[in-house]
Engineer: 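I have a structure here, written as structure tokens, and I will follow up with some questions on it.
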Amino acid sequence: MSINWFKYSSPATFYPLAGKLVPWFAWLTAILTLAGLYWGFFQTPDVLSEQKEYYRIIFIHVPAAWMSMWLYFVLVCWALAGLVFNTRLSYMMAAAIAPTGAIATFIALWTGAFWGKTSWGTWWDWDPRMTSELILLFLYVGYMALQSAIDDPRRADRASALLAIVGLVCVPVIFWSVNCPDPTQCAALHQRSGTGKMESNILIAMLVMVFAFWMYAFAVILMRVRNIILERERHATWVNELLETEK
Amino acid sequence: MFRTFRCIVMRDLTLAMRRRTDVLTTLFFFIIVVSLFPLGVGTDKETLRHIAPGVAWVAALLASMLALERLFASDHADGTLEQMLLTPQPMSVLVLGKVFAHWLLTGLPLVLIAPLVGLQYHLSDTSIGVMMLALLVGTPILSLIGAIGAGLTLGLRGGGILLSLLVLPLYIPVMIYGAGVVSASAIEGSDLQAYFSILAAFLVVALVFSPWAAAAALRISVE
């Protein structure tokens, strides 16, 4: 039996597949979010060392921050796949990921500011991780701006793919340079993070929320890519047939 | 290959010498931005000395970024760029030649004018020397990274402002260490070599990869 590895790399076959997957991911998002938030609010201690109730923002903050970084990596993988295999769908996936990633970055920054205000007494601290996240937001914005500034979709796809790859190459250097502005005495991260020291209930709730965010990203990205497919392929016969039957 | 490089550099320099204002605009942009800060934040000597490295570097970033728009634009407008892409010579060498000529016209003047900034901001002689050296190593990196952005935004409407969005975040590491070394030079007995090693490492990496990426960007934009 031979497997056709590229069967779903055609928009015409991927569109219905994505349509079937979206409800599953949407339901998983709802269930996991409810479970995670319930666990986070009712199964965890109200006071955590010197932090009070407000530490619970990590159930949103950490998943959003993780998703923001992970999604940029996934975006670059799709961009790379697009440049290598020259598949239109890869570029469409990359384009669909960008807004979700940018929103996750924004949520991470926003909730981080709340957390900073309550525990450090300041909205913004130029902490290395905050700065890195801010720069990540700039990278997402640059990607989307370039994509929308070019009218020819083929050029827009390839140009923004190249930009995303250049961005990913620069990301480690940028992160390292904000972490370590003085090369002679490289300071450790402002605050050491470790999941090992966390209370298990908090950890569980947080991980459930991470999966909820993940499922949300899947659902939203697939919905967006379906729209992009329809928009780009509007002259193709299969789209017109599809629209005829849906009328 | 070296002849191609020299040919491109000489051509771009000759073209620029026919229209000298372009070079001077960048330079005066830099001088004006740098002169605006003392008017905005006050003329207290200590404050000025403190902010000088950052101000000089941000101004250099903006100046080199504004000049980038012209890197490929005129060649694109009159069709020279397409001819360049069709030549058998490797495109990355042509790009490298263009970037080098561009740096001679926009980056080097900034290095040479840096002592003026030092005087305006009451920097010590050592700091001025360090700043010139840092700009000498740093500004080529800015031109090299910027060439990728210039290639990607070729011929787009609102290209200049878009270019700043794409390129400025990538300039951050250069600025951090470039400004950092000037700040460190004000402190007695601090080790400056680490900063210069890092800046030089950036330069080498940029020299290797960015002409290649910029050539790919130009191919995407022109095709």
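Proteins get letters first, then strands, A, B, ... in listed order; numbering begins at 1 in each.
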Engineer: For B:Ile161, is it the side chain, the backbone, both or neither that has a heavy atom under 4.5 Å from a heavy atom of chain A?
Structural biologist: neither
Engineer: Strictly under 6.0 Å, is that where the ring centroids of A:Trp123 and A:Phe114 end up?
Structural biologist: yes
Engineer: Identify which part of B:Ser210 has an atom lying under 4.5 Å from any heavy atom of chain A, answering side chain, backbone, both or neither.
Structural biologist: neither
Engineer: Please check this pair: side chain of A:Arg155 against backbone of B:Leu152, looking for a donor-acceptor N/O pair closer than 3.5 Å.
Structural biologist: yes
Engineer: Does the distance from a Lys or Arg side-chain N to an Asp or Glu carboxylate O, for A:Arg232 and A:Asp157, drop under 4.0 Å?
Structural biologist: yes
Engineer: If you count heavy-atom pairs under 4.5 Å between each of A:Asp151, A:Leu134, A:Val169 and chain B, which one has the most?
Structural biologist: A:Asp151
Engineer: Quick one: what part of A:Val171 sits under 4.5 Å from any heavy atom of chain B, side chain, backbone, both or neither?
Structural biologist: neither
Engineer: Are A:Glu133 and A:Thr105 close enough that a side-chain donor and a side-chain acceptor fall under 3.5 Å?
Structural biologist: no
Engineer: What part of B:Phe209 gets closer than 4.5 Å to chain A, counting heavy atoms only: side chain, backbone, both or neither?
Structural biologist: neither
Engineer: Under a 4.5 Å cutoff for heavy-atom pairs, which residue among A:Ser160, A:Gly142, A:Ala159 has the most contacts with chain B?
Structural biologist: A:Ala159
Engineer: Start with the C-alpha gap between B:Ser127 and B:Ser185, add the side-chain angles, then the distance that decides, and say whether side-chain hydrogen bond (donor to acceptor under 3.5 Å, both in side chains) holds.
Structural biologist: CA-CA 6 Å; B:Ser127 288; B:Ser185 72; 3.0 Å; yes
Engineer: Less than 4.5 Å to any heavy atom of chain A: does that hold for the side chain of B:Ser164, its backbone, both, or neither?
Structural biologist: neither
Engineer: Shorter than 4.5 Å, heavy atoms on both sides: which option in B:Leu163, B:Ile148, B:Ile176, B:Leu165 has the most such pairs with chain A?
Structural biologist: B:Ile176
Engineer: Would you say the ring centers of A:Phe25 and A:Trp214 fall short of 6.0 Å from each other?
Structural biologist: no
